[in-house]
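One structure below.
Naming convention: chains lettered A, B, ... in sequence-line order (proteins, then strands); numbering from 1 in each chain.
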2 protein chains.
Amino acid sequence: MSDGKAISTHETRQRIVKAGTELFRRSGYTGTGMKQIAEAAGAPFGSIYHFFPGGKAQLGEEVIRTSGAVYLGLVTALTAPYEDRVAATADAFAAAAGTLAELDFADPCPIATVAMEVASTNEALRQATSEVFDSWIEYLAAYYAQGGVPESAARETAGSVIALLEGAFMLGRAARSTEPVRAAGTAAAAIVRAALAGQ
Amino acid sequence: MSDGKAISTHETRQRIVKAGTELFRRSGYTGTGMKQIAEAAGAPFGSIYHFFPGGKAQLGEEVIRTSGAVYLGLVTALTAPYEDRVAATADAFAAAAGTLAELDFADPCPIATVAMEVASTNEALRQATSEVFDSWIEYLAAYYAQGGVPESAARETAGSVIALLEGAFMLGRAARSTEPVRAAGTAAAAIVRAALAGQ
DNA sequence: GTCTATATCTTGATAGAC
DNA sequence: GTCTATCAAGATATAGAC
């Protein structure tokens, strides 16, 4: 994305990326096989290596960056309409709780499980997840700053809200309950409120 | 633990559990091989199946429950001395940031990566992680309640603080930075402060 | 109980026919 | 470009000598 390189829109290729995204968020990176991805995509096994000569690592990186951009769009669409940053944050968490249940407790965040797996084992993929997280934090920081949070505190506030959401997804998946995400919504509102008050 | 069943204190067995704990927190459950664990434990491969006839799943479950109990002890020791719950929370996050760096950004939480991997793929292990998270939340909830947080809000507050910590570990590992954890400390203090004020 | 060798399966990846 | 067959290496797990 960052270098503006054109990405093929070939339909088979797109199905492979989509299948990879869905499987990675449920079974993780090491827990998902290339054959499994090919089957889920309805594509012959060889096609994966035709479109991704770099193999699993290349596919993994593209899944991370693509779904990261999609997710940024979702967060933007969900929060942008609100003038009240506290209400926007609380409602976003409520929506996230709904998504968690709809996915039958697969991870609503498409890169979280992979991020944990690769953080200490694959430098290229670790960097990709880091850049995606950063893009979300930067958007939210600007959003909060525009809403009245002091510039110096905006990034810390945004990072904490993202962390709270990711952690709540983790607890909610483990417990197969939306309760941790709903509770986190209350806490997120408190974080934003405190930041707006300048502590 | 919960059923009081005696656990062997055989030294080889202990080394296997310890090696599994260290490898799982860096490479995850599916990303770690049994041979790798045996080698790291300095134990012959066959010993793993001698002590864990249930194979990888049995070892995984014991690692989760054992390290969960150890971690509960750490959290207790870290927070119990404080009268001021806000200060206790802030200092615990500061300590966690230090641990993250000391581990060279392996996960300070020994079960988080595994929890994400197994949530949708292994029901027995998912339940084990859920019970461990719950034990932490229950301790913290009682701790906050005793410090003046209304009973009705104590569990939500505790869950949110744990979620915030876990999410901050995730972002910190991805970025190879302690900054997300330090920022989360400020936010966690705000959450506890708001709960003490009854919102 | 310790340790080695091996069975069986699955993985990521490649070669080559069509 | 599509698809199949196959590779070498890894996995989990087992058998059995000592």
Practice task
Would you please classify the geometry between the W136(B) ring and the F133(B) ring as parallel, tilted or perpendicular, with 30° and 60° separating the classes?
Solution key: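 Plane angle over 60°, so perpendicular.
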
[N] [atom2] sits how many Å from [X] [atom1], rounded?
X      : N       : atom1 : atom2 : value
F52(B) : dT14(D) : CZ    : C1'   : 18 Å
E11(A) : dG1(D)  : CD    : P     : 12 Å
H10(A) : dG1(D)  : NE2   : P     : 6 Å
E39(A) : dC3(D)  : CD    : P     : 14 Å
I48(B) : dT2(C)  : CD1   : P     : 13 Å
Q36(B) : dA9(D)  : CD    : P     : 18 Å
H50(B) : dT4(C)  : NE2   : C1'   : 16 Å
I37(B) : dT12(D) : CD1   : P     : 7 Å

Practice task
Test E39(A) against K35(A) for salt bridge (Lys or Arg N to Asp or Glu O under 4.0 Å), laying out the working first.
Solution key: CA-CA 6 Å; E39(A) 187 182 350; K35(A) 286 178 184 169; over 6 Å; no

Practice task
Would you check if H50(A) and T12(A) make a side-chain contact, meaning some heavy-atom pair closer than 4.5 Å?
Solution key: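 Contact flag for H50(A)/T12(A) side chains = no.
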
Exercise for the section: Kindly indicate whether the side chain of E117(B), heavy atoms from C-beta on, has any atom under 4.5 Å from the side chain of T30(A). Expected result: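 Answer yes - side chains close enough.
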
Report, one pair per line, the protein and nucleotides 13-17 of chain C atoms (nitrogen or oxygen only) whose separation is under 3.5 Å.
residue : atom : partner : partner atom : Å
dA13(C) : OP2  : Y49(A)  : OH           : 2.8
dA13(C) : OP2  : K56(A)  : N            : 3.0
dA13(C) : O5'  : Y49(A)  : OH           : 3.4

Handout entry: Under 3.5 Å: donor-acceptor pair, side chain of R126(B), backbone of V118(B)
Key =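 No: the side chain of R126(B) does not pair with the backbone of V118(B).
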
Practice task
Evaluate the salt bridge (Lys or Arg N to Asp or Glu O under 4.0 Å) criterion for residues R13(B) and E62(B): first the C-alpha distance (whole Å), next the side-chain angles of each, then the deciding distance (0.1 Å), finally the verdict.
Solution key: CA-CA 11 Å; R13(B) 191 192 154 99; E62(B) 185 153 327; 2.5 Å; yes

Exercise for the section: Would you classify T30(A) as touching base, sugar-phosphate or nothing, given that sugar-phosphate means primed atoms plus P, OP1 and OP2, and contacts are heavy atoms under 4.0 Å? Expected result: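 Here T30(A) touches no strand at all.
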
